[in-house]
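Written out below as structure tokens is the structure these notes cover.
First the proteins, then the strands, lettered A, B, ... as listed; each starts at 1. Everything quoted here is computed from the prediction, not taken from an experiment.
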Protein chains: 2
Amino acid sequence: MSPSPNDLTPVAIPEPTLKRLPYYYKFIQGQREARREFVSCTTLAEALGLNAIQVRKDLQATGAVGRPKVGYHVEATLDAIEECMGYHNTQDIFLVGAGHLGQALLAYPGFSEFGFNVVAAFDSDPAKVGTEFAGKPILEASRLSDLVRRMHIQIAILAVPATAAQTVTDTLVQAGIRAIWNFTPTRLAVPKEVLVQDENLLASLSVLSKQLENSRVKSHKESTHGKPEEL
Amino acid sequence: MSPSPNDLTPVAIPEPTLKRLPYYYKFIQGQREARREFVSCTTLAEALGLNAIQVRKDLQATGAVGRPKVGYHVEATLDAIEECMGYHNTQDIFLVGAGHLGQALLAYPGFSEFGFNVVAAFDSDPAKVGTEFAGKPILEASRLSDLVRRMHIQIAILAVPATAAQTVTDTLVQAGIRAIWNFTPTRLAVPKEVLVQDENLLASLSVLSKQLENSRVKSHKESTHGKPEEL
DNA sequence: TCCATATCGATAAAACCTTATCGAAACTCC
DNA sequence: GGAGTTTCGATAAGGTTTTATCGATATGGA
Ligand SMILES: NC(=O)c1ccc[n+]([C@@H]2O[C@H](COP(=O)([O-])OP(=O)(O)OC[C@H]3O[C@@H](n4cnc5c(N)ncnc54)[C@H](O)[C@@H]3O)[C@@H](O)[C@H]2O)c1
Ligand SMILES: NC(=O)c1ccc[n+]([C@@H]2O[C@H](COP(=O)([O-])OP(=O)(O)OC[C@H]3O[C@@H](n4cnc5c(N)ncnc54)[C@H](O)[C@@H]3O)[C@@H](O)[C@H]2O)c1
């Protein structure tokens, strides 16, 4: 296949951009409710505390087009983001590990907004198996493999204890899972065609704490600028 | 203050590095339990599915030093990471919003491992106020401001509904909070000296889903390489 | 109608993060 | 003791993401 000039292969959108798009989407939805027809990068940037140029680049990545001095058409831009992010195509998802965190995720109604549908949870605890949580059935963990296969589930949420993380992962992979949203603090070993998105909450909190310490050192340095106040 | 050559201001450690350090820490702890005295970047990289050079750079950022052909001293490196990340200095933290997600966080024992101590939760729901969850008291939301001030709390976890996010944030900021770990899908407006770490779960899942779609397109393209099977 | 201004798109520059290269150190085995 | 090999640290090269620049375009008011 020669590289034709109108090769429609979409250049992969940078992950930071993908993470910001939901914010734009939500804000522009608000603009629609306020009966605004257009929204500019400047407005978006100001509302979200971002850089206007960055917002423009991000929107460009979705295929949305704007008009100078006017901005982006609200409806068209919402469509562009939906299309780009695939909010239309609903995805069925399994959750493994219906513990504290798993139940919070089961109870969360927000997923459907972006086309996600958590259809069932799996747990190894006999006390939980057979019950429902937030209207979702909790099934016996041993059925996971079979159901992933039969229902062609592509995405799984991993919320089991760290000790079970790799074992469950292996099961999922063998059953043909394509992507894992991993809440355990474990780096999963998977074949390269399987995607993993790590959600290491503890690591994120550590980052925040460390940045806080940095900022303390910095502001302290600034405030004592040249004056050895203590020591 | 002239920029002295031996300025000990630590160069800020990149966020990606900070997020990886907990993985190294955990793995090296395992090595200690296995009575190993040294660990090499190669080993770490292989176990965690990372690039050895990256691991080396990350460890260098913590101040750990290694020996050629031998690797890094397990104890010394654990110390270096602890020191660098501040796992020693325990931080008292407040949680605001003891709903599904908030309760999962309250129940999580892992925080203490890295020196975090969630001391109390705050909620506006009278049914929850006055109760305990996982041994942590749930207090009346109106007391938040006063207690942040009096207890010099620096970090807050925000797990309230999106509609309450900015209001609660304003309260926290006025009370002198320094950092917010934000689980709401809202971009918070805060003064620049206040740090915010966004944990937008829905956005992360969207990223995964989008990458999955990309990989599908790619592999499909590869498999039909040059043959217009459909169309 | 024309000018001032806001905003877009394209392109370039800067900052940041990841990966590669290479000499030197330290261990093993012969 | 020396050859071979692994690994480190430093530095450079490569990529990616963010920010800046600039000409072009659309709008509103003089
Ligand atoms: N709760 C939090 O706030 C939090 C924070 C950060 C990280 N995490 C991580 O998320 C994961 C889950 O945390 P949690 O607090 O929900 O733990 P939890 O113990 O409350 O829940 C774990 C659930 O997994 C089930 N389980 C165990 N082995 C299983 C298996 N092989 N197959 C299926 N189910 C199995 C258990 O029965 C339990 O219901 C852990 O890895 C934890 O480290 C949780
Ligand atoms: N549950 C999830 O899995 C999940 C996933 C992604 C994002 N989130 C976000 O996390 C946040 C919390 O989600 P949740 O599922 O726990 O919601 P939830 O409704 O279960 O809990 C919210 C809690 O906040 C309390 N609250 C409301 N207003 C308050 C105020 N002004 N001050 C103090 N407390 C107040 C409520 O009483 C309730 O207990 C939401 O913003 C949600 O969008 C949750």
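Using modelled atom types and a 3.5 Å distance limit, the side chains of B:Asp58 and B:Thr17 yield a donor-acceptor pair.
Whole-Å rounding puts the A:Ile53 CD1 to D:dT21 P distance at 8 Å. Whole-Å rounding puts the B:Gln60 CD to D:dT7 P distance at 16 Å. Here the P atom of nucleotide D:dT7 and the CG atom of B:Asp58 are 18 Å apart, to the nearest Å. Rounded to an integer number of Å, the gap from A:Gln54 CD to D:dT18 P is 5 Å. Whole-Å rounding puts the A:Glu37 CD to D:dT27 P distance at 11 Å. Between B:Lys57 atom NZ and D:dA10 atom P there is a gap of 10 Å when expressed in whole angstrom units. In this structure, CD of A:Glu15 is placed 16 Å from C1' of D:dT18, rounded to the nearest angstrom. For B:Glu46 and D:dT6, the CD to P distance is 13 Å, given to the nearest whole Å.
At the phosphate of C:dA6, neither OP1 nor OP2 sits under 4.0 Å from any side-chain N or O atom of A:Tyr72. In this structure, B:Asn51 reaches the C:dT19 phosphate: one of its side-chain N or O atoms is under 4.0 Å from OP1 or OP2. The side chain of A:Arg67 contributes an N or O atom lying less than 4.0 Å from OP1 or OP2 of D:dT27.
Backbone-only contact: A:Thr42 has heavy atoms under 4.0 Å from sugar-phosphate atoms and none from a base. In this structure, A:Arg56 reaches the bases: a heavy-atom distance under 4.0 Å links it to at least one base atom across the strands shown.
Residue-to-nucleotide proximity on DNA chain D shows that, of A:Pro16 and A:Lys69, the 5′-proximal contact is made by A:Pro16.
Each of A:Glu113, A:Arg20, A:Glu82 was evaluated against A:Tyr25; a single residue qualifies, A:Glu82, per the side-chain hydrogen bond (donor to acceptor under 3.5 Å, both in side chains) test.
With C:dC27, D:dC8, D:dT25 as the candidates, the nucleotide lying closest to the side chain of B:Val70 is C:dC27.
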(request) Test B:Tyr24 against B:Phe27 for ring pair (Phe, Tyr, Trp, His ring centres under 6.0 Å), laying out the working first. (result) CA-CA 5 Å; B:Tyr24 306 150; B:Phe27 181 81; 9.2 Å; no
